[in-house]
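Just so you know, ligand 1 is whichever comes first in the structure, and atom 1 is the first atom listed for that ligand.
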Amino acid sequence: MNRVLSGIKPTGQLTLGNYLGALKHFKKFQDAGEVFVFIADLHALTLPIEPETLRTNTRDLVAFYLASGLDPKRATIFLQSHVSAHSELNTIFQNYLYMGELSRMTQYKDLSYKMNNNAIGLGLFAYPVLMAADILLYDAAIVPVGDDQIQHVELARDLVNRFNKRYGDILVMPKAQVNKVGARIMSLSDPMRKMSKSDSKGDIFLKDDLATIRKKIMASVTDSGSEVIYDLDNKPGISNLLTIYAATKDISIAEAEKYFSGYRYGDFKKAVADAVIEELSPFKERYEQIIQGDEIEKVLKDGASRARIIAEATLKRVKNAIGLLDVK
Ligand code: TRP
């Protein structure tokens with residue numbers, strides 16, 4: 001069984017990077033096998049967030065999932081907080097991942113460093129524990145993630161080894177899958193920094209209007225020289241635009257480079273803007289329809305009840321294996 005599971009945290013505004021790296025690909029998985037996509041709303045609490053912002057972001061994400069072509073009849077779309085097995089398995093898994101390995105996680109180190117060791121919640125530290133529960137509850141084989149999350153999937157794999165070695169063949173081994181093109185979309189104003197949900201002028205947000213998106217691409221940093229070639233060291237800005245174009249058109253970077261040979265920067269940027277707008281414009285239209293309609297609640301209700309069936313079966317298997325007494 002090739003079950004695919006992925007989740008996105010409803011923090012900040014989704015960017016073109018999230019679209020090209022994740023959303024755009026879910027539909028392909030749906031055509032190939034069984035897909036579970038959820039909104040990691042409990043993970044969103046690991047850094048301070050306003051309740052209203054969390055609600056808005058969560059609804060937006062459901063609409064973005066649907067706008068990307070996921071069919072709620074085939075793909076199971078749900079909220080992490082609607083399936084209590086996530087929290088229960090998290091409680092159990094806390095005992096199978098160790099403080100040492102959690103404190104070595106890059107995401108934790110980066111965030112806690114920025115926070116000056118001030119008010120770091122236990123949830124932030126234990127983030128990968130809940131994430132392991134998310135993944136392993138669904139016996140997921142493939143976990144599409146951004147490259148910053150590979151380390152967490154690796155930790156979930158360590159947990160599977162540790163757990164199965166002790167209790168037998170209980171948990172299914174997952175594997176991270178990173179999209180080759182599109183996994184690293186950088187900021188348009190600072191191509192050394194990844195386009196992120198929380199940053200500035202160089203990030204294209206999926207909620208930006210089309211004119212703003214065009215403006216941001218046309219205003220992207222220009223490297224020295226005049227040729228459109230992929231060269232991360234000397235032309236990070238141009239390389240980033242080539243990546244964006246290739247990911248948008250589903251072609252390789254080499255193909256994109258070939259296509260633009262002889263182009264000047266200005267015409268190149270215009271072509272990239274055209275491609276991005278052509279891709280995002282129907283997507284944004286569907287999003288608008290969905291966010292104004294009344295489909296979201298129903299999708300989440302259905303999704304949660306389907307997800308619960310799978311998740312509760314796994315939870316039961318785990319509980320039995322470790323010796324928590326079951327009574328009928
Ligand atoms: N940590 C992921 C992110 O920040 C979101 C996430 C939570 C996730 N649980 C997951 C992704 C399980 C894949 C599988 O992007």
Among Y138, F26, Y65, the one residue meeting ring pair (Phe, Tyr, Trp, His ring centres under 6.0 Å) with F36: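 Going through the options one by one, the only one that passes is Y138.
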
Applying a heavy-atom cut-off of 4.0 Å, say which part of V145 lies close to ligand 1: side chain, backbone, both or neither.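 For V145, the contact with ligand 1 is made by the side chain alone.
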
With a 4.0 Å heavy-atom cut-off (strictly under), which part of D148 contacts ligand 1: side chain, backbone, both or neither?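 Contact part for D148 vs ligand 1: neither.
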
Any ion pair linking [Y] and [X] (charged N to carboxylate O, less than 4.0 Å)?
| X | Y | value |
| --- | --- | --- |
| D326 | K319 | no |
| K27 | D71 | no |
| D208 | K215 | no |
| E255 | K258 | no |

So, is [X] polar-close to ligand 1, with some N/O to N/O distance under 3.5 Å?
| X | result |
| --- | --- |
| Y127 | yes |
| Q80 | no |
| Q149 | yes |

Assess whether salt bridge (Lys or Arg N to Asp or Glu O under 4.0 Å) is satisfied between K114 and D110, documenting all intermediate values. CA-CA 6 Å; K114 276 191 212 146; D110 287 352; over 6 Å; no

Please write out which residues are connected to L45 in a hydrophobic cluster, directly or through intermediates, given that two of Ile, Leu, Val, Met, Phe, Trp, Tyr count as joined at side-chain heavy-atom separations below 4.5 angstrom.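 L45 clusters with L42, I49, L54, L130.
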
State the CZ-CG distance between F283 and L66, to the nearest 0.5 angstrom.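 If I round to the nearest 0.5 Å, the distance is 10.0 Å.
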
Which atoms of ligand 1 have any heavy atom of [X] under 4.0 Å away?
| X | value |
| --- | --- |
| V143 | 13 (C), 14 (C) |
| F38 | 9 (N), 10 (C), 12 (C) |
| A40 | 7 (C) |
| K9 | 4 (O) |
| I135 | 12 (C), 14 (C) |
| L5 | 14 (C) |
| H43 | 7 (C), 9 (N) |

Just by distance, with hydrogens left out, do E279 and T248 show a side-chain donor and acceptor under 3.5 Å apart?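 Checked: E279/T248 side chains show no N/O donor-acceptor pair below 3.5 Å.
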
Heavy atom to atom 13 (C) of ligand 1, shortest distance: which of G7, A44, A133 holds it?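 Looking at heavy atoms only, G7 sits closest to atom 13 (C) of ligand 1.
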
